[in-house]
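Both ligands and their constituent atoms are indexed starting at 1 by order of listing. Being a predicted model, the structure only gives us computed values, none of them experimental.
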Amino acid sequence: MNSAQNAPNSPKLTPNMGLKHRNTFGFEVCAELAYEITAAEQIPGLMQQIAEQKLPWRVLGGGSNVILPKLLPGATLLMNIPGQEITQSDESNALITVGAGVNWHEFVSWTIEQQLPGLENLALIPGTVGAAPIQNIGAYGAEVADFIDSIEAFDTVTHAFVTLPKEACRFAYRDSYFKQNPHRFILTKVAFKIPKAWEPRLQYADIAKQFSATDAKPTVQQIFTAVCNIRSQKLPDPKVIGNAGSFFQNPIVPDQQYGDLLKQYPQLVSYPDQAGMRKLAAGWLIDQCGFKGLRAGPVGVYQNQALVLVNHGDGTAEDILGLAKSIQDKVREVYGVQLEIEPNIF
Ligand code: EPU
């Protein structure tokens with residue numbers, strides 16, 4: 001790998017890098033060969049060498065949606081590509097291109113400073129801009145897909161850069177073409193299209209509650225602050241308690257199954273979904289099974305939100321996955337519903 005280090009476009013290599021601070025669970029992790037990717041041009045040469053040497057590899061953004069083992073063998077690409085720029089602006093839209101390594105929340109804050117509102121409901125979500133489209137991050141009635149124009153990525157199958165328009169990204173709830181094809185694309189740049197006509201998105205109950213006392217239309221800043229406050233109350237700060245946000249997806253079940261469950265459990269919390277389907281609140285199911293606040297050795301279920309699993313200290317991937325399995329087993333036994341793990345297991 002030394003030749004990659006000496007080549008003009010070579011990324012910085014650190015052997016045996018500790019990644020405790022680059023995964024929000026705070027697991028002790030050692031990356032055998034950690035490459036800091038600061039420009040897209042560094043990728044083709046590096047990927048060629050990785051392919052020649054048949055090394056295992058993966059890309060790490062902010063590490064906020066991953067479950068990492070103690071050792072990451074082969075190459076770990078730390079996605080640090082910077083930069084954000086308004087590339088076009090007319091009466092209808094602004095186009096912004098952003099490096100995949102930019103911190104998501106800092107980007108959201110910057111758009112609001114630039115008087116380009118739209119992303120405020122997605123404030124304070126941990127992670128990077130490049131990771132956001134992969135799981136189509138969403139919160140409080142908005143999804144990143146709503147604002148994406150196109151994505152630039154390195155295709156490791158064809159060994160060429162591609163620009164995928166939004167339609168090719170096949171976004172769905174916590175899903176995308178990139179998530180469906182793991183290990184194929186390395187996202188390098190995201191182009192956002194922010195409409196100039198702005199309307200507050202207040203339909204989500206937690207947000208609606210904050211503004212129910214007044215008829216006045218809230219400002220962007222007020223919504224941004226409300227979202228930050230709600231998230232801080234409900235979700236643990238990874239700097240204080242290790243976690244990866246929602247640990248399970250909200251399961252989507254056929255109407256028939258939902259109807260049967262509702263008869264048995266009239267308090268069941270759910271949301272409308274595509275025709276014939278219903279999205280259940282996984283947090284409610286887990287809470288009802290008595291897991292909220294539970295501790296299992298060094299890991300546990302967060303006391304304020306049953307959908308969040310936490311690392312209280314020196315937990316490991318095995319500890320978290322063991323706890324996850326007991327939750328999945330119990331929820332399946334009681335409700336007949338399979339919970340899918342949301343973070344990527346490396
Ligand atoms: N609930 C409980 N007990 C709990 C947690 C939740 O009964 O311990 C019930 C409550 O009735 C609540 C409902 O479940 O009204 C839904 O909970 P909440 O509003 O907190 O949202 P969520 O469905 O748990 C989803 C996203 C979050 C996102 C929020 C707000 C998923 C998997 N999670 O959580 O995303 O912030 O909505 O939009 O879709 C993430 O993906 O990491 C994440 C935090």
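Sequence neighbours left out, the pairs with a member in residues 218-268 that pass ring-ring contact (aromatic ring centres under 6.0 Å, His included) are His105-Phe224, Tyr265-Tyr335.
In Gln288, neither the side chain nor the backbone holds a heavy atom less than 4.0 Å from any atom of ligand 1. Contact annotation for Ala281 and ligand 1: only side-chain heavy atoms (C-beta onward) come within less than 4.0 Å of the ligand. Residue contacts with ligand 1, taken as heavy atom pairs separated by less than 4.0 Å, do not involve Phe291 at all.
Judged by a 6.0 Å distance limit and a 45° cone about the ring axis, Lys279 is positioned over the six-membered ring of Tyr173.
Of all atoms in ligand 1, listed by their number and element, those nearer than 4.0 Å to a heavy atom of Arg231 are 36 (O), 44 (C). Atoms of ligand 1 lying under 4.0 Å from at least one heavy atom of Asn250, given by number and element, are 23 (O), 31 (C), 32 (C), 39 (O). For ligand 1, the atoms sitting less than 4.0 Å from at least one non-hydrogen atom of Lys292 are 3 (N), 4 (C), 8 (O), numbered in the order shown with element in parentheses.
Here's the thing with Asn304: none of its N/O atoms is less than 3.5 angstrom from an N/O atom of ligand 1. Checked against a 3.5 angstrom limit, the closest N/O atoms of Ala306 and ligand 1 fall inside it. Ligand 1 has an N or O atom lying under 3.5 Å from an N or O atom of Tyr140, backbone or side chain.
Residue nearest to atom 27 (C) of ligand 1, selected from Ser246, Ala142, Gly293: Ser246 (by heavy-atom distance). One option in Phe248, Tyr204, Tyr302, Phe247 has a heavy atom closer to atom 18 (P) of ligand 1 than any other, and that option is Tyr204.
Nearest to atom 17 (O) of ligand 1 among the protein's heavy atoms is Tyr271 OH, 4.1 Å.
Under the 4.0 angstrom criterion, atom 6 (C) of ligand 1 counts as having a protein heavy-atom contact.
Checking Ile320, Val310, Asp319 one by one against Pro298, the side chain to side chain contact (heavy atoms under 4.5 Å, CB included) holds for a single residue, Asp319. Just one of Ile81, Asn80, Val59 meets the side chain to side chain contact (heavy atoms under 4.5 Å, CB included) condition when paired with Ile37; it is Ile81.
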**OP:** Applying side chain to side chain donor-acceptor pair (under 3.5 Å), run through Thr163 and Lys189 and close with a yes or a no.
**Re:** CA-CA 9 Å; Thr163 300; Lys189 204 189 265 184; over 6 Å; no
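Arg174 counts as a contact of ligand 1, since one of its heavy atoms falls under 4.0 Å from the ligand. Within the structure, ligand 1 lacks Glu342 among the residues with a heavy atom less than 4.0 angstrom away.
Lys234 is linked by a side chain to side chain donor-acceptor pair (under 3.5 Å) to Asp206, counting only residues two or more places apart in sequence or in another chain.
No salt bridge links Glu120 with Arg201; every basic N to acidic carboxylate O contact stays at or beyond 4.0 Å.
Looking at heavy atoms from C-beta onward, Gln210 lies in side-chain contact with Ile230 at the 4.5 angstrom threshold.
Annotation: Lys54, atom NZ; neighbour count of heavy atoms from other residues, nucleotides and ligands within 6.0 Å does not exceed 12.
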